[in-house]
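Report on one structure; see the data block that follows.
Chain identifiers are assigned alphabetically (A, B, ...) following the order of the sequence lines, protein sequences preceding nucleic acid strands; residue numbering begins at 1 within each chain.
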There are 4 protein chains.
Amino acid sequence: MKSSRRGLRTRKPRQRRSRQTVEAILDAVVRILKREGFDSVTTNRIAEVAGVSIGSLYQYFPDKKAIFVALHARHLEHIDRVIQSTLVEHASSRLDTLLGAMVDAMIEAHLDDPELYELLATEVPHGADGAKHFAERLHSVFRLALASRAQELKESRDLDSLSFVVAHMVESLCHGALSRRPPGMSLRDAKTQIVRALMAYLRA
Amino acid sequence: MKSSRRGLRTRKPRQRRSRQTVEAILDAVVRILKREGFDSVTTNRIAEVAGVSIGSLYQYFPDKKAIFVALHARHLEHIDRVIQSTLVEHASSRLDTLLGAMVDAMIEAHLDDPELYELLATEVPHGADGAKHFAERLHSVFRLALASRAQELKESRDLDSLSFVVAHMVESLCHGALSRRPPGMSLRDAKTQIVRALMAYLRA
Amino acid sequence: MKSSRRGLRTRKPRQRRSRQTVEAILDAVVRILKREGFDSVTTNRIAEVAGVSIGSLYQYFPDKKAIFVALHARHLEHIDRVIQSTLVEHASSRLDTLLGAMVDAMIEAHLDDPELYELLATEVPHGADGAKHFAERLHSVFRLALASRAQELKESRDLDSLSFVVAHMVESLCHGALSRRPPGMSLRDAKTQIVRALMAYLRA
Amino acid sequence: MKSSRRGLRTRKPRQRRSRQTVEAILDAVVRILKREGFDSVTTNRIAEVAGVSIGSLYQYFPDKKAIFVALHARHLEHIDRVIQSTLVEHASSRLDTLLGAMVDAMIEAHLDDPELYELLATEVPHGADGAKHFAERLHSVFRLALASRAQELKESRDLDSLSFVVAHMVESLCHGALSRRPPGMSLRDAKTQIVRALMAYLRA
DNA sequence: CATGAATGAGTGTTCATTCAT
DNA sequence: AATGAATGAACACTCATTCAT
């Protein structure tokens, strides 16, 4: 065990440095995006703000688009991780508890930087693939969640249909709750409504 | 009288020409976007494909961004028109009929060019304002639709909450139905599920 | 006589209109130059400010450069006229009186718009010919002025040399007096010095 | 020691290279101006003729205007240097000798490229500031020159007035001598007249 | 003659990318 | 691996000029 950790150590620092550099670059993009707008997101400025040379930047990313892809991927992976761990944590909870937790997780995951998602969605180009891929992930997660709770659902319902609808509702309503909820509606209110809508559909 | 008609004649064609030119330019963007990709959408290429001179293009749009804004606006206005006329047409229909019609309208509005919406959403930069504005329009429409059907809803429900949820569900699920529905699910199936989800929520 | 006047009448209004239009155009250039800077002096803007159509502008000037040439010519002709009438007015004055009058005329000619000359000289392109031509005019004027006052000069002096020096001194010192005289020196002081310098040279 | 020399070596060449590149660019402007006319002076052509990439050109100059400013500044600095070293060289010469040397210096400074000055003055845009600044420099130089020769002047004379007049006379007459002297007048003749005029004024 | 919409060649400038050090 | 000066293709946009009405 020790030796294996040693073996890793000589490699890991490099990998860790790489990871840090990549993170620094992605963070730089976000920072520029917020402070100076999309037009200022040039590769040279990214490198400058990230504190690396433009040459190094191109060691980590083949071209500019790859940076945006990575940025979206990082965001999506973050959500993915949160969603997935919520799924596992509530493996044996009742359906409404699970859905509540899911909605909470989704909202909380965006709460540390509420404007970032808007920015990513509206300003940073992202091939349709990315969005589709994420939708499929979410679909899978909810399919899994619902499959193991078949007893709480009418047996006549098609699992694919249910998870398709649920996944879209969760994504759309959580984002809406964060940035477009009507004045007078709190985040708590929003969450209550979202879960109510989800449960109403699943029990219909 | 003659002269007054002349006066009109010389004006209207111009307005019509203007409108046509603007349309030609926006269509050109769409065509290039589909055939050559976003990177080929240069102002010179737009002008070329639209069959106008680059100078004329800049007589109609102050800069490149304005073209994208107009393109999004055109799309949103189209949807808006469709949604609104559906609302009016079904002024006296029952709620489920209205919602079914709304979903139909939304889907049909995208059906003539299914990939366009994806392209607009993912490739063409659009300030967050546009999206927010559209969300608010949709919210208003559904608020109106639900307000006049208070008797079909439990009186305890808050109209803003309801329309917030419904608007988001309709938008997200219709788009999802068009481009991300699971294999094996038809558009008809999707529509059925969407309406079922909407009604379940509203009746819950 | 009558008929000839008639003949003139039908023509003159046109010539007068032409002249007015040309003046309006040149005035527009000056106005734009002062208010918006040289970069804003475009043919379209000139036409706009002059209150004529761009098409008309090109009826009076073959191209943009011609406008600048005309503008310089107008200024130079103005000075020329002033200088020449001063020469005539003081045909029988003593030399120092004449020179004083010349300096006065030169300065007064610029006094109604002191910054215009700077602008013309520094911002508006003017082929070297224009400057040379003006220098020659001035040279001629002073040659004439000095020739008829040979008795006030030492006979040994070469008239060309004298007028060359005098012409340059007058031009340079008058412009300098207007825009670059040291703080504490009034225009009157400047004039006194200029005349003193001229007379000293001529009597040396 | 070695390393410190290395440190210097790697720096100095860069500074020298920078200077050389800037010079190459300014020289390119002059060359194009003479050979192809002002309209051909485009940034891309400048870069081409200077043998640098357009990108590099923009590393040295923020925009096109800055190139013209630098070009004028280079010329003015050259004159300035010549004038100043003449002043120092003749620190203890008599006034007429000094003025003669000044006129010589001024003329010689333009003699290597007589048409350049005309071109700069007539074709290359130059904010009035540049001219004013140069005039002030010249004024200062002559103020200094005259101040230390108070004994050669009548004590009643105001130093500012004298240097104002002298500076303008030198500049204007030297330029005139170079490009507008009457036929039959040699450069030597011109110089004689200029010095005579200067001395006459100062002794008057 | 007047108009001003239309033209499109040509410009200044940017910025993704490379590569010698 | 890191650097960052250098590159130059490509772009958005302007504006002098034309010509159909």
Does the side chain of Ser53(A) get closer than 4.0 angstrom to OP1 or OP2 of dA2(F) through an N or O atom? no
Could you check how far CD1 of Ile32(B) sits from P of dC11(F), rounded to whole Å? 11 Å
Rounded distance (Å) that lies between atom P of dA16(F) and atom CD1 of Ile25(C): 14 Å
N/O donor-acceptor pair under 3.5 Å between His72(D) side chain and Leu120(D) backbone: yes
Please round to the nearest 0.5 Å and tell me the distance separating atom CD1 of Ile67(C) and atom OH of Tyr60(C). 13.0 Å
Hey, which of these two, Ser56(B) or Gly55(A), hits DNA chain E nearer its 5' end, going by closest nucleotide? Ser56(B)
Name the pairing partner of dC11(F), where a pair is Watson-Crick or G-U wobble with both distances under 3.5 Å, or state none. dG12(E)
Picking from dA16(F), dC1(E), dC11(F), the nucleotide nearest the side-chain atoms of Gln59(C) would be dC1(E)
Indicate yes or no: does Arg74(B) engage Glu23(B) in a salt bridge with an N to O separation below 4.0 Å. yes
Would you mind telling me which of dA2(F), dA5(F), dA6(E) lies closest to the side-chain atoms of Ile54(A)? dA5(F)
Rounded to the nearest Å, what distance is computed from the NZ atom of residue Lys64(A) to the C1' atom of nucleotide dC11(F)? 13 Å
Please confirm whether the shortest side-chain N or O distance from Thr43(A) to OP1 or OP2 of dC15(E) is below 4.0 Å. no
Backbone of Lys132(D) reached by a side-chain donor or acceptor of Asp129(D) within 3.5 Å: no
Using whole Å, report how far CG of Leu57(C) lies from C1' of dC15(F). 13 Å
Can you tell me how far C1' of dA16(F) sits from CG of Asp39(C), to the nearest Å? 15 Å
Please state whether the phosphate of dC15(E), meaning OP1 or OP2, lies under 4.0 angstrom from any side-chain nitrogen or oxygen of Thr42(A). no
Strictly distance-based, threshold 3.5 Å: is any side-chain N or O of Ser56(C) a donor or acceptor partner for the main-chain N or O of Val52(C)? no
dG4(E) pairs with, by Watson-Crick or G-U criteria that keep both distances under 3.5 Å: dC19(F)
Of Asp63(D) and Gly51(B), the one whose nearest nucleotide on DNA chain E sits closer to the 5' end is Gly51(B)
Glu48(D) CD to dG12(E) C1': how many Å, rounded? 16 Å
State whether the side chain of Lys64(A) and the backbone N or O of Val41(A) hold a donor-acceptor pair below 3.5 Å, judged by distance alone. yes
Phosphate OP1/OP2 of dA5(E): any Tyr58(B) side-chain N/O under 4.0 Å: no
Return no unless some side-chain N or O of Tyr60(B) is found under 4.0 Å from OP1 or OP2 of dC13(F). no
Residue met sooner reading DNA chain F from 5', once Arg45(C) and Pro62(B) are mapped to nucleotides: Pro62(B)
Give a yes/no answer on whether the side chain of Arg17(B) brings an N or O atom under 4.0 Å of OP1 or OP2 in dA6(E). yes
Return the value, rounded to whole Å, for the distance between atom CD1 of Ile46(C) and atom P of dT17(F). 11 Å
Which whole-number value in Å describes the distance from Phe68(D) CZ to dG12(E) P? 8 Å
Using the C1' atom in both, what is the distance from dT21(F) to dC1(E), to the nearest Å? 13 Å
For the side chain of Asn44(B) and the base of dC11(F), is some donor closer than 3.5 Å to an acceptor across the two? no
